[in-house]
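Every chain is numbered from 1, with letters handed out A, B, ... down the list of sequences. In what follows, every heavy atom counts, from backbone to side chain, and hydrogens, waters and symmetry copies are set aside. Only a predicted model underlies this, so the values are computations on that prediction, with no experimental measurement involved.
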Amino acid sequence: MKAISYIDYRGYDLLHKGTEILSQIECNGIHIDLEYCKKKLDQIADTIRELEKQIQDEPEVKIWMESYGRKFNLDSSTQLADLLFNRLKIEPVNMTEKGNPSTDEESIECLKNDHPFIEKLIQIKRLKKLCSTYISNFIREQVDGILHNFFHLHTTQTYRSSSSDINFQNIPDRNPELGNIIRRAIIPRQDRMLLELDYSGLEVRVAACYHKDPVMIKEITEPGRDMHRDTAIELFLLNPNDVTSELRFTAKNSFVFAQFYGDYYANCAKNIWNSILLYDLKTRTGVSIREHLSDKGIKTYSDFENHVKSVEYRFWNEKFRVYKKWKENMWDNYQKTGVVNMHTGFICRGLMRRNQVINYPVQGAAFHCLLWSLIHLQRLFLRNHLRSMIVGQIHDSIVIDVVPEELNCVMNWAHTIMTKEIRKVWDWIIVPLDIKAEASLPNESWANKKEIKLGSPCRSCGSEWSFKKKLEENNTEDHCIVCGEITE
DNA sequence: TGTTCATGG
DNA sequence: TATCCATGAACA
């Protein structure tokens with residue numbers, strides 16, 4: 001049988017066992033506060049009505065209403081684009097994929113000073129999104145207060161997973177206001193706590209297992225190194241002490257990750273420049289980045305684009321030379337053979353663009369690390385009859401509904417499986433793996449998650465895990481995550 | 001049905 | 001050679 005030779009059983013086994021374990025997780029489901037959801041839905045509806053009333057009197061909205069009459073609709077991007085770019089003659093900031101002027105949040109946020117209705121419009125859109133995509137669906141999909149969403153292993157091009165009904169993998173988090181509202185609805189079962197275990201920098205580490213760039217391996221393994229901070233220093237021409245978390249964030253997302261995914265300097269420069277202007281980014285000592293760059297000779301956008309071009313050149317031709325070579329090899333090899341192989345035994349075929357060829361094997365294998373860990377953690381749970389249960393998975397993290405007395409044990413096992421056992425089985429993982437843990441106190445919602453660290457056992461309850469509680473005057477205090485007592 | 005927008009990794 | 005992978009809502 002010829003076809004049999006095309007099947008790689010490493011990949012087959014992983015998906016077979018993965019499917020079984022994910023179905024058990026779907027069956028467990030995640031507990032929600034149904035009464036809270038219903039109450040919040042009504043509350044937000046009131047807020048939206050109030051906001052809609054408030055913007056009715058704004059001059060721009062009057063023009064909008066007059067031109068569309070009965071068809072006037074705040075949810076229509078087409079109408080908003082017509083208002084902003086045709087009637088008010090505003091220069092578009094971004095274009096859509098099809099080349100039309102865009103009205104997405106990033107493009108209209110910078111108009112809010114000249115057009116105050118924009119700020120309320122953005123808030124209305126956010127709240128509507130929260131209700132329609134999240135809260136309403138929580139209420140629709142729950143059975144006796146439990147959400148049994150699906151986790152699929154057959155829908156993505158990269159052999160990652162996906163989730164639907166509800167999508168457990170895109171619940172708001174980055175925006176604290178939205179994150180807090182919706183995550184307040186997600187709660188542990190009675191007297192339990194929610195725990196999330198995250199692989200730190202998983203894709204960057206898995207990428208290193210492919211390209212084996214010595215500079216990147218150093219970045220990952222040497223303590224105290226921080227490539228995002230270093231990139232911020234180069235992009236904004238700063239001393240290390242002048243880098244704020246905001247500047248590091250911009251460098252990380254608009255340059256480093258964008259470059260890893262295959263972006264190029266002109267696009268990066270545009271995005272960074274937009275951030276500088278929109279958020280009026282400053283150095284740690286409070287100097288405006290715009291002025292600071294100007295002092296260094298970068299006065300116009302064109303100057304900045306040239307500067308980013310030179311940062312990009314050093315990034316790939318001096319710093320990550322081996323990584324760059326690997327990308328070229330991957331693309332050449334695909335053009336010759338038509339396939340891309342993953343470390344985990346999967347093969348990608350079919351028509352792919354260059355950036356897909358470079359990213360698929362990384363994205364897929366990174367998720368497979370998570371899936372492998374999930375399978376083995378769940379086996380331990382079942383074999384040892386733990387009452388704690390795995391309730392979800394978000395690409396590089398595992399969410400568990402934990403019985404407090406089992407927390408020490410769960411953390412111990414998870415750490416062993418996710419960072420040690422996996423490397424015994426997959427020797428292609430040539431860099432250390434690391435996990436981060438966040439948890440909420442018993443009976444608290446997911447909105448209250450805090451990072452927890454290993455410490456000495458709590459005198460009241462014996463838990464070894466504590467979180468830092470912020471006090472006045474930059475002081476912190478360690479508290480036990482199970483009983484809340486101060487630990488030493 | 002296609003486009004645009006939002007959310008997450 | 002031009003930012004990777006998803007789900008889902010709403011409009012046109």
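- Nearest to the side chain of A:D396, among B:dC5, B:dG9, C:dA6, sits B:dG9.
- Candidate nucleotides B:dG8, B:dT3, C:dC4 were compared by shortest atom distance to the side chain of A:D173, and B:dG8 ranks first.
- If you check C:dT1, C:dC4, C:dG8 against the side chain of A:S164, the one that comes closest is C:dG8.
- Dashed line: the shortest gap from a side-chain N or O of A:Y360 to OP1 or OP2 of C:dC5 is under 4.0 Å.
- Remark: A:S102 is in phosphate contact with B:dC5, judged by side-chain N or O atoms under 4.0 Å from OP1 or OP2.
- Checked against the 6.0 Å centroid criterion, the rings of A:W372 and A:H376 qualify as a close aromatic pair.
- Atom C1' of nucleotide C:dA2 and atom CD of A:E97 are separated by 13 Å, given to the nearest angstrom.
- Proximity of A:S162 to the phosphate of C:dT7: a side-chain N or O atom is located under 4.0 Å from OP1 or OP2.
- The aromatic rings of A:F320 and A:F315 lie perpendicular to each other, with more than 60° between the two planes, well past the 30° mark.
- As judged by a 4.0 angstrom heavy-atom cut-off over every strand, A:T155 is placed among residues touching the sugar-phosphate backbone only.
- When distances are taken from the side chain of A:R174 to each of B:dG8, C:dG8, B:dT3, the shortest belongs to B:dG8.
- Taking the six-membered ring for Trp and thresholds of 30 and 60 degrees, A:W326 and A:Y323 have ring planes inclined between 30 and 60 degrees apart.
- Contact annotation: side chain of A:Q363 to base of C:dC4, donor-acceptor pair present below 3.5 Å.
- Residue A:Q79 is classed as a sugar-phosphate contact, given heavy-atom separations below 4.0 Å to backbone atoms only.
- In this structure, the nucleotide among C:dA12, C:dA9, C:dA2 sitting nearest to the side chain of A:T78 is C:dA12.
- Across all strands, A:R354 comes closer than 4.0 Å only to sugar-phosphate atoms, never to a base (heavy-atom distances).
- Side-chain atoms of A:N170 and base atoms of B:dT7 include a donor and an acceptor less than 3.5 Å apart.
- Rounded to an integer number of Å, the gap from CD of A:Q356 to C1' of C:dT1 is 14 Å.
- Closest to the A:N359 side chain, of the nucleotides C:dC4, C:dA9, B:dG8, is C:dC4.
- Between B:dG8, B:dC5, C:dA2, one nucleotide has an atom nearer to the side chain of A:P172 than all others, and that is B:dG8.
- A:N355 comes within 4.0 angstrom of the backbone, heavy atoms only, and of no base.
- Two residues are said to be in side-chain contact when any heavy atoms from C-beta on lie closer than 4.5 Å; A:L377 and A:I400 meet this criterion.
- For the salt bridge (charged side-chain N to carboxylate O under 4.0 Å, His left out) condition, the pairs that include at least one residue of residues 225-237 of chain A, sequence neighbours left out, are A:E219-A:R225, A:E222-A:R225, A:D226-A:R248, A:E234-A:R314.
- The base of C:dT7 is not paired with the side chain of A:N137 by any donor and acceptor separated by under 3.5 Å.
- In this structure, A:Y261 forms no aromatic stack with the base of C:dT3, since the conditions of centre separation below 5.5 Å and plane angle below 30° are not both met.
- Closest to the side chain of A:N271, from the set B:dT4, B:dC5, C:dT3, is C:dT3.
- If you check C:dA2, C:dA10, B:dC5 against the side chain of A:S132, the one that comes closest is C:dA10.
- In the set C:dT3, B:dG8, B:dT4, C:dT3 carries the atom at the smallest distance from any side-chain atom of A:A258.
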